[in-house]
Amino acid sequence: VRPLDWAVLVGSLVFIVLFGMWKSRRTSTTKDYLLAGREMPWYAMALSIMATQASAITFISTTGQAYVDGMRFVQFYFGLPLAMILISKVVVPAFHGSGVYTAYEYLERRFDAKTRALVATIFLIQRGLAVGVALYAPAIVLTVIFGWPDQWTTLLMGAITVAYTVMGGVRMVTWTDFQQMLVMMAGLATALGMAVWMLPADVGFGGALTLAGAAGRLNAVVTSFDWNDRYNVWNGLLGGMFLALAYFGCDQSQVQRYLTGRSIDQSRLSLLFNAVAKIPMQFLILLTGAMVFVFYMFEKPPILFQPRELERVSQAQGFGEVAARYDRAFEARREAARRVLQRGGEAGVEADFQKAQRELDGARKDASALAGGGFSDTNYVFLTFVTTQLPAGVVGLIMAAIFAAAMSTISAEINSLATVSVIDIYQRFARPGASDAHYLAASRWLTLLWGAYAVATARFGRGLGSLIEAVNQLGSLFYGSLLGVFVVAFFLPRVRGGAAFAATLAGQAAIFAVAKFTNVSFLWFNVLGCLVVVATAWLLSLRSPPTPTR
Amino acid sequence: VTERRWNRIYAAVALYLAAIIVLFALFTRSYNR
């Protein structure tokens with residue numbers, strides 16, 4: 001990391017926080033602090049929604065994903081626009097019209113206090129499990145690549161984020177998210193531009209597409225169906241839609257972004273902006289990965305990108321043979337790549353290239369197995385490219401983008417955790433009827449508390465290693481029932497509180513059972529959990545009259 | 001903006017999604033092996 005990189009990184013961090021402070025200087029009521037006074041314009045919410053969704057790990061690993069596996073990951077986002085349409089049509093007017101602070105507050109108006117408390121608790125558990133990982137995962141990667149002590153990376157990122165979130169609440173979060181998303185976009189555009197620009201002169205962009213395609217890396221649409229594989233067009237459309245419905249429609253960390261809207265129209269616009277912009281953006285990120293893949297056809301990449309694992313494996317027995325095989329496969333692929341570019345149409349030319357690619361992939365797999373597996377090399381591809389190939393300044397920009405991605409996600413998460421703790425639990429059950437100043441102070445304290453909790457789980461989660469990832473995956477088990485209870489709230493007017501409460505528990509039990517006893521991809525848990533909740537609630541309410549609208 | 005106008009916007013977004021998928025499918029067909 002060179003001085004210019006430090007200047008870009010520190011400069012962008014300081015500017016973003018100062019800009020947020022200036023924008024959120026008038027925060028004097030709970031409504032200001034938790035809903036930004038309901039006066040946000042659509043473009044601020046739109047970028048805030050996008051920045052909250054893009055975590056540092058998504059940012060780091062998506063490019064690596066294209067390098068290792070191709071572009072089919074983009075299909076994961078195909079369901080998102082459909083979800084955004086449904087949320088704009090049904091959810092936004094309901095939340096806005098009822099003037100709620102949280103999605104779960106709406107459930108009490110529709111059902112009863114116990115359903116609200118149950119679903120708010122599910123959210124607190126699920127988000128609470130994830131927030132430490134959002135901080136810890138990028139810290140680990142930065143540690144390995146730059147050699148920074150991860151305790152310090154976690155603390156630095158965490159402390160800045162918690163400080164500004166406590167200070168300015170949701171207004172601060174939204175405006176910093178806005179800037180952070182701009183930094184991320186600048187970082188991504190620069191990375192793509194550099195990756196294309198650094199290709200050998202005789203390859204060029206068109207040649208790179210030919211080569212990446214010949215290696216099977218441009219599989220943006222896969223039409224074959226497989227239950228256990230989340231990356232085909234069907235799972236992407238249906239599973240992805242359910243996931244996006246749950247995330248954007250029922251998860252307070254996203255709902256709070258568009259609850260701050262000046263009007264229903266502004267909130268809808270912010271969601272539809274994401275519906276339009278998200279897929280092309282993911283496509284470009286993955287394309288960057290494909291370009292990095294082609295770049296490394298002519299410049300030999302390390303057999304493993306994770307430097308610590310590489311060092312460890314290079315002392316393992318049998319590594320010499322694997323490394324020699326890797327070197328031979330690399331040379332063979334480079335020669336074959338040139339031939340593909342010169343006379344691609346001829347018989348056998350592409351087959352030779354693909355054979356060399358398979359051998360190279362095989363050697364990489366063997367090296368990973370020698371290292372004992374258990375780590376994600378994918379996370380290190382992009383950063384290795386950035387730090388070893390890109391010029392000073394650009395490295396700083398990409399680092400700033402990674403910090404921005406982590407901080408924008410964490411700030412929205414602790415902000416929403418505090419909001420639900422105050423509005424759905426503290427104000428509702430522990431201390432109703434206190435003054436606005438009291439709840440404002442409580443919101444600040446709870447933001448600080450959740451922030452401290454995030455830093456603590458990230459710092460001390462180190463020793464837990466892969467356990468923390470398992471816990472994070474556990475968090476994704478709650479979405480189906482969360483979505484289900486909201487679908488019931490909006491579409492089944494006969495269902496009352498008792499049935500909704502029981503159905504939510506039934507949905508949760510069904511998801512746990514499927515996760516424990518089957519191999520089904522986690523993307524389907526949301527569909528299944530939602531269906532179980534809806535079916536149970538419907539069956540339990542067959543005889544009850546419609547709820548009068550309130 | 002009226003609700004009818006919004007419905008037209010939603011239809012446009014859905015069409016856009018369909019167009020993107022078709023475009024990506026063509027991209028995959030012409031480059032990926």
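Values in this document were obtained by computation on a predicted structure and should not be read as measured data. By convention in this document, chain letters (A, B, ...) are assigned in the order of the sequence lines, proteins followed by strands, and residues within each chain are numbered from 1.
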Among the options A:Leu80, A:Leu82, A:Leu209, pick out the one with the most heavy-atom pairs lying under 4.5 Å from chain B.
->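 Greatest number of close heavy-atom pairs with chain B: A:Leu209.
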
Under the ring-ring contact (aromatic ring centres under 6.0 Å, His included) test, which residues partner A:Phe490, sequence neighbours left out?
->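 Applying ring-ring contact (aromatic ring centres under 6.0 Å, His included) to A:Phe490 gives A:Tyr106.
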
Could you list the residues that satisfy ring-ring contact (aromatic ring centres under 6.0 Å, His included) with A:Phe298, not counting sequence neighbours?
->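 Once residues adjacent in sequence are excluded, A:Phe298 has no partner under the ring-ring contact (aromatic ring centres under 6.0 Å, His included) criterion.
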
Compare every heavy atom of B:Ala25 with every heavy atom of A:Val221, then report the nearest pair and how far apart it is.
->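 In this case the closest contact between A:Val221 and B:Ala25 is CG2-N, 3.5 Å.
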
Checking heavy atoms, do the side chain of [X], its backbone, both or neither come under 4.5 Å from chain B?
| X | value |
| --- | --- |
| A:Met71 | side chain |
| A:Leu272 | side chain |
| A:Val222 | neither |
| A:Leu269 | both |
| A:Leu237 | side chain |

From the options B:Leu17, B:Ile9, B:Val13, select the one residue that forms a side-chain contact (heavy atoms from CB on, under 4.5 Å) with A:Ile85.
->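 Looking at B:Leu17, B:Ile9, B:Val13, the match for A:Ile85 under the side-chain contact (heavy atoms from CB on, under 4.5 Å) is B:Val13.
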
Under the salt bridge (Lys or Arg N to Asp or Glu O under 4.0 Å) test, which residues partner A:Glu335, sequence neighbours left out?
->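 A:Glu335 satisfies salt bridge (Lys or Arg N to Asp or Glu O under 4.0 Å) with no residue once adjacent residues are dropped.
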
Roughly how far apart are A:Phe78 CZ and B:Ile20 CD1, rounded to 0.5 Å?
->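 These two atoms lie 7.5 Å from each other.
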
Show me the donor-acceptor pairs under 3.5 Å between chain A and chain B.
| unit_1 | atom_1 | unit_2 | atom_2 | d |
| --- | --- | --- | --- | --- |
| A:Lys89 | NZ | B:Asn7 | OD1 | 3.1 |
| A:Gly213 | O | B:Arg33 | N | 2.9 |
| A:Arg217 | N | B:Asn32 | OD1 | 3.4 |
| A:Leu218 | N | B:Asn32 | OD1 | 2.8 |
| A:Asn219 | N | B:Asn32 | OD1 | 3.4 |
| A:Ala220 | N | B:Thr28 | OG1 | 3.2 |
| A:Val221 | N | B:Thr28 | OG1 | 3.1 |
| A:Asp265 | OD1 | B:Trp6 | NE1 | 2.8 |
| A:Asp265 | OD2 | B:Val1 | N | 3.1 |
| A:Arg268 | NE | B:Tyr10 | OH | 3.2 |
| A:Arg268 | NH1 | B:Glu3 | OE1 | 3.3 |
| A:Arg268 | NH2 | B:Glu3 | OE2 | 3.1 |
| A:Val276 | O | B:Tyr16 | OH | 2.5 |
| A:Glu350 | OE1 | B:Arg33 | NE | 3.1 |
| A:Glu350 | OE2 | B:Arg33 | NE | 3.3 |

